[in-house]
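Below you'll find the structure, written out as structure tokens, and then a few comments.
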2 protein chains.
Amino acid sequence: MRREVTLRDVAELAGVSSRTVSNVVNGYANVTERTRVRVERAVKELGYRPNVLARNLAQGRSGQIALVVPYLDTPYFSELLQSVIRAAKVSGYNVLIDQTDGDPEHERGFIAHGSRRLLFDGVIFSPLGLDQQALADRDPALPLVILGERTSDGTFDHVGIDDVAASRQATEHLLDLGRNRVAAIGDQPYATGEAAQRRTRGFREAHQARGLPVREDLIIGTPRFNRPDGAHAMAHLLELEEPPDAVFCYSDLVALGAIRAIVSRGLRVPEDIAVIGYDDIEDGRFSNPTVTTISPDKEMIAATAVERLLLRISSATPPPGLELRAPHKLIVRESTVGRSARPPSA
Amino acid sequence: MRREVTLRDVAELAGVSSRTVSNVVNGYANVTERTRVRVERAVKELGYRPNVLARNLAQGRSGQIALVVPYLDTPYFSELLQSVIRAAKVSGYNVLIDQTDGDPEHERGFIAHGSRRLLFDGVIFSPLGLDQQALADRDPALPLVILGERTSDGTFDHVGIDDVAASRQATEHLLDLGRNRVAAIGDQPYATGEAAQRRTRGFREAHQARGLPVREDLIIGTPRFNRPDGAHAMAHLLELEEPPDAVFCYSDLVALGAIRAIVSRGLRVPEDIAVIGYDDIEDGRFSNPTVTTISPDKEMIAATAVERLLLRISSATPPPGLELRAPHKLIVRESTVGRSARPPSA
DNA sequence: TTGAAAGCGCTAACAA
DNA sequence: TTGTTAGCGCTTTCAA
């Protein structure tokens, strides 16, 4: 590999100091038009490219942020990832991806003071199995934004939608349809299942608000929010003596799995069982039937997360930890109201 | 931010030179048991963490590889991404993601000698609109592995499945079913549509091998391989005087879109129209009906790509450019044979 | 086996 | 406005 052209080479050719070249390259300070032109010519002539690695070391920053999610093959996260990359790029940041498989140990390592620490200037984190303790133990110098609702201790921001309200709205939609044996798939009644628990709370609130009893046996837990778990849970529900006539699924994937289980037994959605999901992934817009869902504003979530993170990175004194709430809406499709729902474009 | 503990601090405390500390930290060379223990104790006592940025500069490498794909919200790519990250991590590499939106200009920039060049030691690239010219103009020093079939000029590797054979196999499956008006959705008869064209070639070969005519009006082009395009193309086919009785879709997403279009018009899959896809994404295993597809061995594609790239990175003299072919198989599901196909686990 | 010291290429404090 | 120069923290050649 031939030696790279350095700042000094440029400086020499242009007859200025490397300091000046640096200024020109970075658009800093006041540089005479004359010198600037001269430097720029030298840059072009030599084909000079700044060495990012050297700049990183000198500045003590990497120009990268990390996005840490539990699973990457989950459409919700890949859609989000896309928006995050787009938002970061606008500010010249690169995005480093990692997936934790929801492993708490792995998640912990990511925000602890590890050797990879300097690879990124901050982290946008969507934790699954991370408890408050791990959060408290984290590297306090690492700028952090957490996705999903979570009580902030004031040292990081979090951004997400109002899960309880959204879940309540979803459940109410099913009740409005006149269904009276509404099930819920996705509860996670253990320490790290906060997000799931908020959805269950919304589910209960919807019932309570109407003076309806919650059928506890219709609340089914799942380890993950994916299709197989949804199908499995639904299969269980269908074997009950009195199966549900509607199901609130804690993700669209769970809903798609559930629908699959229902249909493969010869039952119909929504005639026999209405199904509603959560996340509004593209799959649900083209599935058969299309899936009614809670749609979080992903673009805004991503943009807000990146914006807050970059602010946190560039601030000398850390800004207060905010709890930011993105909007969501209910999108009614076939899985709850049948063909009367407007079909998609095609 | 308090000053970081450096190598020198450790050396001082341990009473050795920084060279020795470096050796210990990296597990290099021969170090006396005694010195090693002493250094390790000092490391622990001071809570020393190597500074990746400094190491990068000193070594002239970043320990990162880039994965460049056209779209990230496409399940095929997110599934692949997952495997690539996993494979890279084994060798201590991080993965930087970028999406090009299929924009040739953007794609070009990625392999040209840009200023971001040093951010990654090599690139795994899944181009969409990249022509041979752009490939030839690229930074010759950048280790490169291309995904998908493509003629290598010997300076990079590519890894993919045998598209022609796979497409032929898919088409034959439809013909075996006794269908005789088989359509194809996804052709891209322009310069950058190589992958699509290979699928069309397989489609033709299957017909030719049986002495059947290809109905040219049943070959439909689509700008992208996604659901909306699939639905749109299918809508067009359904309006023909003599619509097809089977469709070979160039991706599972296209197939899902097509199925959606068929079903929403009250027709049945596969009774009225059989549909086969390509990619074997999870969606197709839980859709209704489930989607018959060509399944490339993604895990192997990812592992092979990473392996070749790392080899290329670490080689003093560049290894020859290989054309590597991963295995694929036909997976028969409901969209071609109906419920007789074994339903998925649930 | 270990030490001394010269880079890696850039940034930025200080000086002019 | 521009030059000088001392780092950034590590790796690694050369010497001992």
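Chain naming here is simple, since letters A, B, ... match the order of the sequence lines and numbering starts at 1 in each.
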[X]: which residues meet the salt bridge (charged side-chain N to carboxylate O under 4.0 Å, His left out) condition with it, sequence neighbours left out?
X      : result
A/E40  : A/R36
B/R325 : B/E149
B/E79  : B/K298
A/D98  : A/R116, B/K89

Rounded to whole angstroms, how far apart are [atom1] on [X] and [atom2] on [N]?
X      : N      : atom1 : atom2 : value
B/L119 : C/dC10 : CG    : P     : 14 Å
A/D9   : C/dC10 : CG    : C1'   : 13 Å
B/R8   : D/dC10 : CZ    : C1'   : 10 Å
B/R38  : C/dT1  : CZ    : P     : 15 Å
A/E33  : D/dT2  : CD    : P     : 11 Å
A/L118 : D/dC10 : CG    : P     : 10 Å

Quick one: side chain to side chain donor-acceptor pair (under 3.5 Å) partners of [X], sequence neighbours excluded?
X      : answer
A/E194 : none
A/S22  : A/N26
A/Q64  : B/Q64

Pairs involving residues 125-152 of chain A, ordered by first then second residue, that meet ring pair (Phe, Tyr, Trp, His ring centres under 6.0 Å) (sequence neighbours left out) |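 Matches after skipping sequence neighbours: none remain.
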Does A/S17 make a side-chain N or O approach to OP1 or OP2 of D/dG3 shorter than 4.0 Å?
->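 Answer yes for this pair, as a side-chain N or O of A/S17 is under 4.0 Å from OP1 or OP2.
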Under 4.0 angstrom between B/N23 side-chain N/O and C/dT2 OP1 or OP2 |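 So the side-chain polar atoms of B/N23 never come under 4.0 Å of the phosphate oxygens OP1 or OP2 of C/dT2.
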Select base, sugar-phosphate, or nothing to describe what A/S18 touches, counting heavy atoms under 4.0 Å on all strands.
->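 Base contact.
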Classify the nucleic acid contact of A/V52 as base, sugar-phosphate or nothing, counting any heavy atom under 4.0 Å across all strands shown.
->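 Contact class for A/V52: none.
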Nucleotide nearest A/S22 (side chain, heavy atoms from C-beta), chosen from C/dT11, D/dC10, C/dG3 =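 So the side chain of A/S22 is nearest to C/dT11.
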State whether a side-chain donor-acceptor pair under 3.5 Å links A/S78 with B/D73.
->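 A/S78 vs B/D73: no donor-acceptor pair found between side chains.
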Interface residues of residues 53-63 of chain A with DNA chain D (non-hydrogen, below 4.0 angstrom) =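 Only A/L57, A/A58 qualify.
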Please report the shortest heavy-atom distance between A/L142 and A/G122, naming the atom on each side.
->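 Scanning both residues, the minimum pair turns out to be CD1-CA, 4.1 Å.
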If each of B/T20 and B/N51 is mapped to the nucleotide of DNA chain D with the nearest heavy atom, which maps nearer the 5' terminus, i.e. the 5' end?
->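 Closer to the 5' end of DNA chain D: B/N51.
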Under the ring pair (Phe, Tyr, Trp, His ring centres under 6.0 Å) rule, collect the residues that match up with B/F120, sequence neighbours excluded.
->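 Expected list: B/F110.
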Please list each protein N or O that sits under 3.5 Å from an N or O in nucleotides 13-16 of chain D, with the distance.
residue	atom	partner	partner atom	Å
D/dT13	O4	B/R19	NH1	2.7

Side chains of B/V39 and B/V16: does their closest heavy-atom pair fall under 4.5 Å?
->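 Answer yes - side chains close enough.
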Between the first and last five pairs of the helix from C/dT1-D/dA16 to C/dA16-D/dT1, the angle of the axes, rounded to 10 degrees =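 The end-segment axes of the helix from C/dT1-D/dA16 to C/dA16-D/dT1 are tilted 30° relative to each other.
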Residue closer to the 5' end of DNA chain C, B/R36 versus A/R49 (nearest nucleotide) =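 The answer here is B/R36.
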